[in-house]
**Student:** 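Below are the structure tokens for one structure; questions will follow.
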Amino acid sequence: MMEKTYDPKQVEPKIYKMWLDGGYFHADENDNTRETFTIAMPPPNVTSQLHYGHAFEHAMIDVIIRHKRMQGYNTLWMPGIDHAGIATQIRVEEFLRKEQGVTRHDLGREKFLEHVWEWKNKYGDRIIEQSKLLGTSCDWERTRFTMDEGCSKAVREVFVRLYEQGLIYKGDRIINWCPKCTTALSDAEVEHEESEGKLWHIKYPIKCSGEFLTVATTRPETMLGDTAVAVNPNDERYKHLVGKTVVLPLTDREIPIVADEYVETEFGTGCVKITPCHDPNDFEVALRHDLERILVLDENACVNENGGKYKGLTREKARLAVIKDLTDLGLLEKTETHIHNVGHCDRCKTICEPISSKQWFVRMKKLAAPAIECVKSGEVRFVPERFSKVYLNWMENVRDWCVSRQLWWGHRIPAFICQDCGEIIVAREDPAACGKCGSVRLEQESDVLDTWFSSALWPFATLGWPDETPALQRFYPTQVMVMGYEIIFLWGARMIFSGINYLGKPPFHTVVIHGMVRDSEGRKMSKSLGNGVDPVDVINEYGTDALRMSVITGVGPGNDTRYFPEKCETMRNFCNKLWNASRFALMHVTPEDTELKDGLCLEDKWILTRLYQVIGEVTDNLERYELGVAAGKLYDFVWGELCDWYIELIKPRLLDGDTIARSVLYRVLTDSLKLLHPFIPYITEEIWQTLPGMDKAIIVCDWPKAGKMYNNEAAGMERVMDAIRAIRARRSELNVPPSKKAPLTIVTENTADFEGGKAYIARLAGASEITVTDTAPKSRDGLLSLTTTAAELFLPLAELVDLEEEKKRREKQLAKTRAEIKALEAKLANPGFTSKAPPQVVEGERVKLEELKKIEKKLL
RNA sequence: GGGAGCAUAGCUCAGCUGGGAGAGCACAUGCUUUACACGCAUGGGGUCGCAGGUUCGAGCCCUGCUGUUCCCACCA
């Protein structure tokens with residue numbers, strides 16, 4: 001027997017086990033009878049545990065997957081975990097420092113990696129357990145990890161292929177360097193933050209002339225690596241100086257003045273110090289003018305041996321020292337405040353340093369072209385559409401991708417360097433000897449790959465690629481990808497060009513973008529703020545279904561949402577409402593009620609019509625990934641129509657043992673459960689298992705289909721409901737206690753509709769006895785009258801009413817009605833409207849006008 | 001410097017292809033109505049940011065403005 005209150009804790013583990021035991025999550029690659037529907041899970045990072053954003057994302061994916069499963073697709077939700085290179089390495093390093101007081105360098109590469117694997121095993125398992133709590137219907141048998149054997153094979157294959165295609169190269173370039181993580185980063189891993197800095201104007205003496213040339217810089221310490229000063233070739237002020245030499249202060253070097261178009265005459269002084277090793281533009285200028293390159297910062301962003309007396313100083317200290325020395329020399333002309341963007345490491349938030357360094361790069365132009373085309377042509381589409389612009393803008397301006405990282409945790413680059421001749425060998429198998437000189441002294445590149453290098457292969461590496469596995473053949477390309485807007489570049493873009501380049505097809509046709517979950521004040525949930533909400537706590541408090549419903553309902557596509565406990569409470573209440581409605585139904589329905597019976601009453605036809613409308617709309621919303629709207633409609637339908645009205649309407653019939661009402665209730669409830677199942681899977685399955693006549697789990701039931709609609713009867717029922725609402729409102733206004741029943745006379749043209757509903761009208765409108773007639777009473781004395789579109793209602797309650805007030809009220813209603821009539825008549829008299837508006841709209845307005853006129857007549 | 005989003009009830013937000021201004025919470029009043037107080041009924045509360053335009057008709061489409069958030073970008 002069902003408890004009075006739904007208790008998720010008792011239900012959820014039991015139901016999840018039932019699903020697992022039933023094998024419902026498993027997708028069979030040998031099943032060739034059904035169309036497939038696949039989503040690859042964005043693999044959570046092994047850094048720690050699931051956060052609220054994962055709950056949001058997993059809820060969305062599970063809704064889509066469960067809907068498709070019920071529609072009969074061979075459905076695969078492919079789960080897994082990401083090794084998350086830098087992020088995890090940082091976490092483990094932090095952990096080791098705190099727990100054991102050691103650094104990774106103390107341990108050495110091998111030993112350190114053992115610790116990371118230990119971490120991975122612990123947190124990877126925990127993440128999967130947490131994900132299961134959310135009710136996710138993943139095919140856990142296929143769970144993958146970005147550094148498992150298969151993924152590693154895929155990574156190596158891709159690296160080698162790109163190398164063979166000439167799309168991967170090792171080169172000396174300016175890259176973003178994080179001095180704390182001591183690794184290179186890609187452009188996409190740098191966050192730019194606007195901050196107030198300074199613009200220092202420094203005088204550089206021109207050789208053999210008492211004159212100076214003033215440069216403006218935001219990073220004065222880099223002047224130690226200057227190898228030129230550049231001016232615009234068309235700048236009249238400096239034309240005569242081009243080719244001359246400047247004595248670089250604080251050093252003993254002399255550097256040329258060159259002319260380059262890159263220099264803006266308007267900005268600063270129009271003279272730019274050129275520091276090829278510490279600025280990407282300067283690097284380009286240096287290439288054009290064949291300038292010397294001097295690196296002055298080391299991997300910790302401290303001045304190196306090229307910095308003369310500043311050697312060993314951190315960049316911050318070096319800056320102060322340089323400024324002080326320049327001031328002492330009288331070479332600091334002025335200092336201005338200056339707002340500019342400073343790059344920060346995505347992971348540790350340290351300010352990045354542009355540094356020239358030998359790194360591995362993926363050449364992007366060729367790869368980007370088809371990835372741009374497939375979105376432009378609509379082969380791959382973003383939902384909502386606006387994100388395709390974000391994607392295209394990035395892809396069209398993409399620069400080569402720096403993929404090497406000076407880390408230990410990750411896929412080690414499969415390149416081997418001959419220690420004798422310097423030859424680089426990139427191969428699928430570890431080479432035994434150098435192909436050029438025959439030396440066996442080969443050393444593997446110590447760097448690892450960007451973590452996103454392996455993530456980019458996720459949709460097919462998880463299916464077995466590069467091997468032609470049955471799973472790959474069956475499930476690739478996948479259908480949908482769900483991801484947050486913040487990783488469109490980092491991940492989405494790279495999966496798309498990877499899929500096209502290696503398999504000839506984009507990895508999915510639809511990218512559903514979601515926003516992020518913020519705290520109740522709209523702030524990002526973060527560790528430093530301590531405002532993160534643990535989804536597991538919320539599950540314990542309100543239940544998984546309430547959590548899922550709360551993150552889905554009323555959230556616009558691609559929009560951020562906020563966490564409010566009140567919203568979870570509302571959804572828990574909703575679950576409880578559904579629970580109790582089902583409990584009520586179970587008190588009446590029998591296995592004989594599973595088939596819809598003939599002889600439907602007005603209210604039956606109404607609720608069935610509404611159900612079928614909702615089925616159509618919700619299905620449509622789901623097909624368009626409008627999950628929030630779909631969930632909202634179901635909430636409203638179940639609570640506001642099924643529970644508040646239909647169940648109340650049929651109570652008298654159920655007490656009479658009416659089997660027709662039972663069969664309708666059964667149908668509406670079961671279809672509602674099915675429609676709700678993708679959103680709130682646990683409670684719907686639990687109720688389903690309790691219902692009579694159920695032979696299979698709801699998770700694999702057929703998605704409901706609309707049946708015969710009764711639009712006229714549905715409208716008729718709405719008129720009866722209007723009358724009930726009107727009576728309730730008047731009684732409430734007049735403070736008539738519900739216990740005080742009063743006789744009711746209904747004067748209406750639709751006598752049949754009201755006649756059939758006498759029993760429930762009595763219950764819902766507090767009527768003792770009801771007379772339905774088509775003729776108005778001769779005398780209105782002592783009667784309170786109410787006017788609705790379909791009826792005039794008379795209650796012997798006049799003694800409760802101030803007659804003057806009542807007269808005024810009627811006059812007010814009349815005036816309002818007349819004003820509406822006037823407006824409608826004007827509208828209908830407008831040929832522009834009648835000829836141009838769609839006929840059904842015009843017709844609707846005509847009907848409305850007629851109804852208003854009827855009301856007017858009754859009010860006279 | 002580019003691009004995008006948002007601005008709707010006290011709060012948080014829905015509103016899909018233009019035709020009814022909505023929900024939850026909060027608030028007020030009244031209810032032990034035989035599923036549910038995690039409940040029921042009723043009610044108050046909005047110039048849909050501002051100004052124009054298109055249209056028979058605009059919260060929705062167009063233009064401009066204001067405020068706000070975010071993304072991208074190599075003016076030192």
Side-chain angles (χ1 to χ4, degrees), chain A residues 2 4-6 174 187 192 199-200 215-219 222 230 262-264 266-275 279-284 338 340-341 354 384 386-387 389-390 393-394 397 399 485-486 488-489 515 520 522 542 546 550 553-562 564 566-567 569-588 617 620-621 624 626 628-629 631-632 635-636 640 643-644 647-648 651 655 725 728-733 735-739 763-764 766 827 830-838 840-842 844-845 848:
Chain A
M2 289 171 82
K4 192 168 165 183
T5 305
Y6 173 60
I174 296 279
D187 297 338
H192 291 276
L199 193 59
W200 284 277
V215 299
T217 179
T218 53
R219 290 151 69 220
T222 63
Y262 146 70
V263 181
E264 301 271 338
E266 310 297 321
F267 188 86
T269 61
C271 302
V272 184
K273 60 191 273 304
I274 299 299
T275 320
D279 183 282
N281 298 307
D282 295 5
F283 187 86
E284 297 298 320
H338 180 64
H340 63 148
N341 274 322
R386 66 186 136 97
F387 288 103
K389 271 184 242 166
V390 177
N393 180 52
W394 188 80
N397 298 298
R399 301 199 297 163
Y485 55 67
E486 74 279 5
I488 293 175
F489 311 134
S520 59
Y542 302 103
S550 78
T553 310
V555 179
N559 286 357
D560 291 348
T561 179
R562 298 189 190 190
F564 287 103
E566 293 86 351
K567 195 168 175 187
E569 212 171 293
T570 299
M571 293 309 168
R572 178 205 57 189
N573 295 352
F574 174 69
C575 290
N576 197 52
K577 188 76 182 173
L578 178 67
W579 180 257
N580 274 291
S582 306
R583 201 158 66 91
F584 175 78
L586 276 161
M587 291 163 56
H588 298 92
E617 288 173 23
D620 203 44
N621 289 134
R624 303 206 301 229
E626 294 160 357
V629 178
Y635 179 101
D636 290 342
C643 293
D644 286 349
I647 287 180
E648 294 304 324
K651 272 179 180 171
L655 289 177
R725 274 189 279 253
R728 281 170 169 179
R730 277 309 271 147
R731 287 177 58 110
S732 178
E733 243 176 83
N735 279 321
V736 182
S739 53
R763 279 185 62 251
L764 302 179
K827 198 173 187 180
N830 179 349
F833 175 71
T834 47
S835 64
K836 290 186 186 173
Q840 64 269 33
V841 173
V842 178
E845 298 294 77
K848 218 189 283 174

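Predicted, not measured: the structure shown is a model, and the values here were computed from it. Below, chain A is the first sequence line, B the second, and so on; all start at residue 1.
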**Student:** Provide the distance between the two C1' atoms, one in B:G49 and one in B:C6, to the nearest whole Å.
**Tutor:**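 Each nucleotide's C1' atom is 11 Å from the other's.
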**Student:** Rounded to the nearest 0.5 Å, what separates atom CZ in A:Phe584 from atom CD in A:Glu648?
**Tutor:**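 Reported to 0.5 Å precision, the distance equals 7.5 Å.
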**Student:** Name the closest nucleotide to the A:Lys577 side chain, picking from B:C36, B:C38, B:U42.
**Tutor:**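 Comparing B:C36, B:C38, B:U42 against the side chain of A:Lys577, the answer is B:C36.
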**Student:** Reading RNA chain B from 5' onward, which residue's closest nucleotide shows up sooner: A:Tyr262 or A:Lys848?
**Tutor:**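 Its nearest nucleotide lies further toward 5', so the answer is A:Lys848.
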**Student:** Can you check whether A:Asn576 has a side-chain N or O nearer than 4.0 Å to OP1 or OP2 of B:G39?
**Tutor:**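 The answer is no; no side-chain N or O of A:Asn576 sits under 4.0 Å from OP1 or OP2.
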**Student:** Would the number of heavy atoms belonging to other residues, nucleotides or ligands and lying under 6.0 Å from CD of A:Gln840 be above 12?
**Tutor:**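 Yes, enclosed.
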**Student:** Report the residue (A:Glu845 or A:Pro831) whose heavy-atom-nearest nucleotide on RNA chain B is the more 5′ of the two.
**Tutor:**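 Per heavy-atom nearest nucleotide, the more 5' residue is A:Glu845.
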**Student:** Tell me, do A:Asp279 and A:Arg219 make a side-chain contact under 4.5 Å, heavy atoms counted?
**Tutor:**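 Yes, their side chains come closer than 4.5 Å.
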**Student:** Which listed nucleotide (B:A35, B:G30, B:G39) is nearest to the side chain of A:Pro738?
**Tutor:**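 The nucleotide sitting nearest to the side chain is B:G30.
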**Student:** What is the distance, rounded to the nearest whole Å, between atom CZ of A:Arg725 and atom P of B:C40?
**Tutor:**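 Distance, rounded to whole Å: 15 Å.
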**Student:** Distance check needed: B:A23 C1' versus A:Tyr635 OH, whole Å only.
**Tutor:**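 In whole Å, B:A23 C1' and A:Tyr635 OH are 8 Å from each other.
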**Student:** Side chain of A:Val272 only, please: which of B:A76, B:A4, B:A35 is the nearest?
**Tutor:**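 Looking only at heavy atoms from C-beta outward on A:Val272, the closest nucleotide is B:A76.
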**Student:** Which is it for A:Lys567 and A:Thr553 under the side-chain hydrogen bond (donor to acceptor under 3.5 Å, both in side chains) test, yes or no, and what are the steps along the way?
**Tutor:** CA-CA 10 Å; A:Lys567 195 168 175 187; A:Thr553 310; over 6 Å; no
**Student:** Any side-chain N or O of A:His338 less than 4.0 Å from the OP1 or OP2 oxygen of B:A76?
**Tutor:**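 A:His338 to B:A76 OP1/OP2: side-chain N or O found under 4.0 Å.
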**Student:** Measure the distance from CZ on A:Phe574 to C1' on B:G24 and round it to the nearest whole Å.
**Tutor:**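 Rounded to whole Å, this separation is 13 Å.
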**Student:** Who passes side-chain contact (heavy atoms from CB on, under 4.5 Å) against A:Glu284, sequence neighbours left out?
**Tutor:**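 A:Glu284: side-chain contact (heavy atoms from CB on, under 4.5 Å) contacts with A:Leu287, A:Arg288.
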**Student:** In Å, rounded to the nearest 0.5 Å, how long is the span from CD1 of A:Ile174 to OG1 of A:Thr275?
**Tutor:**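 Going from CD1 on A:Ile174 over to OG1 on A:Thr275, the span is 9.5 Å.
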**Student:** For B:G24 and B:A35, measure between their P atoms and round to the nearest Å.
**Tutor:**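 Roughly 23 Å separates the two P atoms.
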**Student:** If I take atom NE2 from residue A:His340 and atom OG1 from residue A:Thr218, how far apart are they, to the nearest 0.5 angstrom?
**Tutor:**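 Going from the NE2 atom of A:His340 to the OG1 atom of A:Thr218 covers 5.5 Å.
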**Student:** Is the base of B:A35 touched by the side chain of A:Glu648 through a donor-acceptor pair closer than 3.5 angstrom?
**Tutor:**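 Present.
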**Student:** To the side chain of A:Asn621, which of B:C16, B:A41, B:A35 is closest?
**Tutor:**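 Comparing B:C16, B:A41, B:A35 against the side chain of A:Asn621, the answer is B:C16.
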**Student:** Got a minute to check which stems RNA chain B is part of, using Watson-Crick or G-U wobble pairs under 3.5 Å, three or more consecutive?
**Tutor:**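 In RNA chain B, stems of three or more pairs: B:1-7 with B:66-72, B:10-13 with B:22-25, B:27-31 with B:39-43, B:49-53 with B:61-65.
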**Student:** A side-chain contact here means heavy atoms from C-beta on lying under 4.5 Å apart; do A:Trp579 and A:Thr5 qualify?
**Tutor:**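 No, side chains not in contact.
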**Student:** Find the distance between OH (A:Tyr542) and CG (A:Asn576) and round it off to the nearest 0.5 Å.
**Tutor:**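 If we round to the nearest 0.5 Å, A:Tyr542:OH and A:Asn576:CG are 14.0 Å apart.
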**Student:** Identify all pairs in which a protein N or O lies below 3.5 Å from an N or O of nucleotides 11-13 of chain B, and state each distance.
**Tutor:**
| unit_1 | atom_1 | unit_2 | atom_2 | d |
| --- | --- | --- | --- | --- |
| B:U12 | O3' | A:Arg562 | NE | 3.4 |
| B:C13 | OP1 | A:Arg562 | NE | 3.1 |
| B:C13 | O2' | A:Gly554 | O | 3.0 |

**Student:** In this structure, how many angstroms lie between the C1' atom of B:A41 and the CZ atom of A:Arg730, rounded?
**Tutor:**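 These atoms are roughly 16 Å apart.
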**Student:** State the NZ-CG distance between A:Lys577 and A:Asp644, to the nearest 0.5 angstrom.
**Tutor:**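 Between A:Lys577 NZ and A:Asp644 CG, I get 5.5 Å after rounding to 0.5 Å.
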**Student:** Side chain of A:Lys4 only, please: which of B:A76, B:G43, B:C36 is the nearest?
**Tutor:**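 My answer, after comparing the listed nucleotides, is B:C36.
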**Student:** Sticking with atom C1', work out how far B:C70 lies from B:A26, rounded to a whole angstrom.
**Tutor:**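 The same atom, C1', in both gives a distance of 30 Å.
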**Student:** Starting at atom CZ of A:Arg386, determine the distance to atom C1' of B:C70, rounded to an integer number of angstrom.
**Tutor:**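 My rounded result for the distance is 11 Å.
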**Student:** Please state the C1' separation for the pair B:U8 and B:G45 - nearest whole angstrom.
**Tutor:**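 Between the two C1' atoms, the distance is 14 Å.
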**Student:** With rounding to the closest Å, how many angstrom separate the C1' atoms on B:A37 and B:G30?
**Tutor:**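 So the two C1' atoms sit 14 Å from each other.
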**Student:** Between B:C25, B:G15, B:A76, which nucleotide gets closest to the side-chain atoms of A:Pro557?
**Tutor:**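 Nearest listed nucleotide: B:G15.
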**Student:** Taking the side chain of A:Asn393 as its heavy atoms from C-beta onward, which of B:G24, B:C72, B:C38 lies nearest to it?
**Tutor:**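 Comparing B:G24, B:C72, B:C38 against the side chain of A:Asn393, the answer is B:C72.
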**Student:** If you check the A:Arg572 side chain, which of B:C38, B:A76, B:A35 turns out closest?
**Tutor:**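 Per side-chain heavy atoms of A:Arg572, the pick is B:C38.
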**Student:** Atom CG in A:Leu578, atom CG in A:Asn573: separation rounded to 0.5 Å?
**Tutor:**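 That separation rounds to 12.5 Å.
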**Student:** Which of these nucleotides, B:A35, B:C71, B:G19, is closest to any side-chain atom of A:Pro838?
**Tutor:**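 Looking only at side-chain atoms, A:Pro838 lies closest to B:G19.
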**Student:** Can you check the distance between B:A58 and B:G52, where both ends of the measurement are the C1' atom (answer in whole Å)?
**Tutor:**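 B:A58 and B:G52 have their C1' atoms separated by 14 Å.
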**Student:** Of the listed nucleotides (B:C38, B:A76, B:U42), which one gets closest to any side-chain atom of A:Thr5?
**Tutor:**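 Closest nucleotide to the A:Thr5 side chain: B:C38.
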**Student:** Please report the distance separating the C1' of B:A23 from the corresponding atom of B:G57, rounded so that it comes out in whole Å.
**Tutor:**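 So the two C1' atoms sit 26 Å from each other.
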